[in-house]
Engineer: 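Submitted below is the structure of interest, expressed as structure tokens.
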Amino acid sequence: MGNIQVRLPDGKTTEVSSGLKIQELAASLGIDSNVIAAKIDGVAVDLDRALSRDCTLDWISLNSPEGLDILRHSTAHLMAQAVQDLFPGTQVTIGPTIEDGFYYDFKRDRSFTPEEIEKIEACMRELAALNLKVAREEIARESAIELFRRMGEEYKVEILGDIPEETVSLYRQGDWVDLCRGPHVPSTGAIRAFKLTGVAGAYWRGDEKNEMLQRIYGTSWPTEEALREHLRLLEEAKKRDHRRLGRELDLFSFHPLAPASPFFHPKGAFVYNELVSYMRRLYLRYGYQEVITPQIFDVELWRRSGHYDHFKENMYFTRIEEREFGVKPMNCPGHTFIYASKKRSYRDLPLRYADFGRLHRFEKSGVTAGLTRVRSFSQDDAHIFCAPDQIEGEMAALLKMLREVYQTFQFTEMQVKLSTRPDHFIGSLEVWGRAEDSLAQSLKKEGIAYQVNPGDGAFYGPKIDFVVLDALRRGWQLATIQLDFSMPERFDLSYVTPGGTEARPVMIHRAILGSIERFMGILIEHCAGALPVWLAPVQVRVMTVTDEQKEYAQKVFEELKALGWRVELDGRNEKLGYKIREAQVEKIPYAAVIGDREVKEQTISPRRRGGENLKPMCVKDFVEMLKAEVTQALGN
RNA sequence: GCUGGCGUAGCUCAACGGUAGAGCAGCUGAUUUGUAAUCAGCAGGUUGUAGGUUCAACUCCUAUCGCCAGCUCCA
């Protein structure tokens with residue numbers, strides 16, 4: 001065995017004898033114990049791996065994203081070991097890492113009870129304490145198939161059947177073995193801070209036609225502190241849950257007799273309408289015209305549009321006078337009728353029809369959730385009818401509008417996905433290709449990075465989806481832009497070109513907030529219920545210190561009200577601290593405190609939600625301040 | 001729809017085979033109070049619904065509805 005040259009992360013090169021294990025090299029270099037794996041020329045490997053050629057070496061620390069991923073994967077293995085120790089006969093399937101954690105799917109006749117989960121967790125701690133060495137082993141695929149078949153692991157055998165390589169790797173810890181690509185932590189003792197977080201059913205390979213497996217979720221971290229911090233964030237998210245805030249702030253509620261259909265209370269309805277007004281103001285500037293269209297249509301319409309063939313499972317139907325009707329799940333077909341109500345010229349295009357019409361979509365029970373997934377909703381929906389050569393300009397305008405909207409709501413980050421032709425589609429392949437290219441071109445032109453989501457388009461055309469990240473960095477899909485050459489065809493839409501010939505317009509389906517319901521839910525979580533002043537159902541609460549100031553407070557209240565501010569008066573016989581607390585809990589942006597001093601000086605003392613006390617000021621100055629705040633937020 | 005969990009007062013939760021209890025909210029009264037909770041009293045529940053087991057059911061069983069966590073699907 002000769003010597004080899006190893007280039008270390010610090011740029012220095014060291015000469016070691018071939019066959020030296022990375023671990024041994026690390027020990028000799030005094031590398032800290034957080035290093036749990038390494039990279040040879042960029043490929044992640046176990047510390048147990050021997051160095052056999054000249055290479056560049058990088059350390060993978062527990063604190064790096066790659067290290068965390070390895071830790072979590074190893075924790076999934078540890079869990080699988082515990083499960084098979086405790087419940088012989090349970091088969092393992094797959095156990096990948098996910099954001100902040102991992103899961104492992106098991107084949108077992110019954111599901112895991114909370115008590116069993118506790119037992120599994122305890123068993124995992126014991127196995128971790130044993131600090132079992134995690135050893136990699138490479139064997140021929142055929143031998144692996146033989147091995148897992150003997151062990152009764154049918155799923156592993158199936159997985160092995162799909163692996164093209166002739167050699168596969170196994171990982172052993174104690175007497176437990178699993179098929180795995182690796183790498184893993186060197187020994188189970190590296191797994192320090194973990195918690196099993198949930199159980200759920202999951203279909204084998206994610207297909208509901210397959211048998212259901214039992215999934216256990218968990219999370220794993222380098223330190224106890226990191227684990228605690230993660231659990232704290234989960235608690236924080238719970239506090240922001242819009243379902244909880246919706247009740248606490250008296251915005252909306254649900255009733256079992258109208259499942260998945262929200263009731264907006266006065267304050268919630270105010271916010272809802274204000275969101276719609278906001279979009280209407282934008283429509284004025286961006287050249288949209290609002291239309292109102294029917295709620296139910298003869299199924300004939302849905303047959304023509306393709307919804308009957310491709311969206312029927314999500315629709316509500318009703319029969320009357322021997323005629324079958326479908327409640328609209330989308331506005332688009334209705335808009336084609338307005339388009340087709342007269343002869344159109346190229347001079348009319350683009351035509352932008354906006355519609356806040358109520359939509360109903362049947363969603364399988366079990367998928368609905370709060371405001372984010374409902375059966376009755378409306379969208380800031382619009383359909384743009386334009387000539388093919390206008391697509392680009394429309395897309396650019398749309399992206400500008402979209403950015404403006406997201407900035408207003410302080411969604412500073414977004415991800416973009418281009419979804420292509422699904423299995424169920426209408427129209428020709430050629431037309432689909434054209435539409436997909438158009439969308440991709442537009443994104444490139446605007447310099448927007450995007451991922452492709454194959455097969456995720458609407459049945460009538462490809463789409464661009466926009467996912468925003470909220471304050472807790474959770475992703476939410478809001479906007480969608482869909483390019484449609486089929487609907488104009490199906491409804492035989494046309495316009496007269498400059499040359500006097502007839503041409504087919506293109507339809508762009510688009511929504512920026514998405515559904516108003518869903519957007520409201522996301523916005524509530526984003527701002528933790530503290531809506532910006534312009535959107536808050538109550539903007540100011542005027543409050544007295546004692547009854548002495550009631551008269552003046554009433555005057556201030558009337559004054560603000562007359563100026564159009566949404567204001568309430570709290571003249572109750574309670575301590576100021578009590579009134580302040582209530583206003584704070586209700587997340588009202590401003591409390592206007594009035595005591596004897598204010599009466600004497602004809603001022604108010606505003607207090608911002610959050611605790612900031614402002615100097616006493618006259619009502620006029622206060623109003624100017626509010627105005628400036630609104631203007632700043634809305635940028636106009 | 002599927003897997004699992006959970007439904008007790010408006011809200012948060014207790015009681016877990018022996019005829020339902022607390023805090024907050026609500027109402028009444030006292031208190032006139034300066035930036036996140038003044039005190040006292042009162043009222044409020046056929047324990048989601050329908051069956052069943054039992055001398056006895058909030059508690060055990062079955063069905064059903066709803067909610068929650070996932071799977072699948074999606075705005």
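In this text, all values refer to a predicted model and were calculated from it rather than measured experimentally. We name chains A, B, ... by the order of the sequence lines, and we start the count at 1 in each one. As a basis for the values below, the full set of heavy atoms in this structure was taken, side chains included, without hydrogen atoms, waters or symmetry mates.
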Engineer: Protein-nucleotides 48-50 of chain B N/O pairs closer than 3.5 Å?
Structural biologist:
none

Engineer: Taking distance alone, no hydrogens or angles, what donor-acceptor pairs closer than 3.5 Å link side-chain atoms of residues 522-529 of chain A to residues at least two apart or in another chain?
Structural biologist:
{"from": "A:Glu525", "atom 1": "OE1", "to": "A:Arg474", "atom 2": "NH1", "distance (Å)": "3.3"}
{"from": "A:Glu525", "atom 1": "OE1", "to": "A:Arg474", "atom 2": "NH2", "distance (Å)": "3.0"}
{"from": "A:Glu525", "atom 1": "OE2", "to": "A:His242", "atom 2": "N", "distance (Å)": "2.8"}
{"from": "A:Glu525", "atom 1": "OE2", "to": "A:His242", "atom 2": "ND1", "distance (Å)": "2.8"}
{"from": "A:His526", "atom 1": "ND1", "to": "A:Ala471", "atom 2": "N", "distance (Å)": "2.9"}
{"from": "A:His526", "atom 1": "NE2", "to": "A:Gln410", "atom 2": "O", "distance (Å)": "2.9"}

Engineer: Can you check nucleotides 37-47 of chain B for protein contacts, nitrogen or oxygen pairs under 3.5 Å, and list what you find?
Structural biologist:
{"from": "B:A37", "atom 1": "N7", "to": "A:Arg581", "atom 2": "NE", "distance (Å)": "2.9"}
{"from": "B:A37", "atom 1": "N7", "to": "A:Arg581", "atom 2": "NH2", "distance (Å)": "3.4"}
{"from": "B:A37", "atom 1": "N6", "to": "A:Arg581", "atom 2": "NH2", "distance (Å)": "2.4"}
{"from": "B:A37", "atom 1": "N1", "to": "A:Arg581", "atom 2": "NH1", "distance (Å)": "3.4"}
{"from": "B:A37", "atom 1": "N1", "to": "A:Arg581", "atom 2": "NH2", "distance (Å)": "3.4"}
{"from": "B:U38", "atom 1": "O4", "to": "A:Glu574", "atom 2": "OE1", "distance (Å)": "3.4"}

Engineer: When all nucleic acid strands are considered with a 4.0 Å heavy-atom cut-off, which category describes A:Asp465: base, sugar-phosphate, or nothing?
Structural biologist: nothing
Engineer: For RNA chain B, which residues of residues 517-526 of chain A approach it to below 4.0 angstrom with any heavy atom?
Structural biologist: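 Those residues are A:Arg518.
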Engineer: At under 4.0 Å between heavy atoms, which parts of nucleotides 61-71 of chain B does protein reach? Answer with one letter per nucleotide, 5' to 3': B base, S sugar-phosphate only, - none.
Structural biologist: -----SSSSBB
Engineer: A:Tyr406: which residues meet the ring pair (Phe, Tyr, Trp, His ring centres under 6.0 Å) condition with it, sequence neighbours left out?
Structural biologist: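 So A:Tyr406 forms no ring pair (Phe, Tyr, Trp, His ring centres under 6.0 Å) with any residue.
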Engineer: Under a 3.5 Å cut-off on both pairing distances, which runs of 3 or more consecutive Watson-Crick or G-U pairs involve RNA chain B?
Structural biologist: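 Stem list for RNA chain B: B:1-7 with B:65-71, B:10-13 with B:21-24, B:26-30 with B:38-42, B:48-52 with B:60-64.
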Engineer: Do the side-chain N and O atoms of A:Thr75 and A:Ser220 include a donor-acceptor pair separated by under 3.5 angstrom?
Structural biologist: yes
Engineer: Please list, chain by chain and in numerical order, all residues satisfying ring pair (Phe, Tyr, Trp, His ring centres under 6.0 Å) with A:Phe385, sequence neighbours excluded.
Structural biologist: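 Partners of A:Phe385 under the ring pair (Phe, Tyr, Trp, His ring centres under 6.0 Å) test: A:Tyr339, A:Tyr353.
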Engineer: With a cut-off of 3.5 Å and sequence neighbours excluded, list every side-chain donor-acceptor pair involving residues 456-463 of chain A.
Structural biologist:
{"from": "A:Asp456", "atom 1": "OD2", "to": "A:Asn453", "atom 2": "ND2", "distance (Å)": "3.4"}
{"from": "A:Tyr460", "atom 1": "OH", "to": "A:Gln482", "atom 2": "OE1", "distance (Å)": "2.4"}
{"from": "A:Lys463", "atom 1": "NZ", "to": "A:Asp465", "atom 2": "OD2", "distance (Å)": "3.4"}

Engineer: Please name all residues satisfying ring pair (Phe, Tyr, Trp, His ring centres under 6.0 Å) with A:His360, sequence neighbours left out, ordered by chain then number.
Structural biologist: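 A:His360: no ring pair (Phe, Tyr, Trp, His ring centres under 6.0 Å) contacts found.
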Engineer: Considering only residues two or more places apart or on different chains, which pairs with a residue in residues 600-609 of chain A satisfy salt bridge (charged side-chain N to carboxylate O under 4.0 Å, His left out)?
Structural biologist: A:Arg608-A:Glu612
Engineer: Could I get the full list of salt bridge (charged side-chain N to carboxylate O under 4.0 Å, His left out) partners for A:Lys364, not counting sequence neighbours?
Structural biologist: A:Glu208
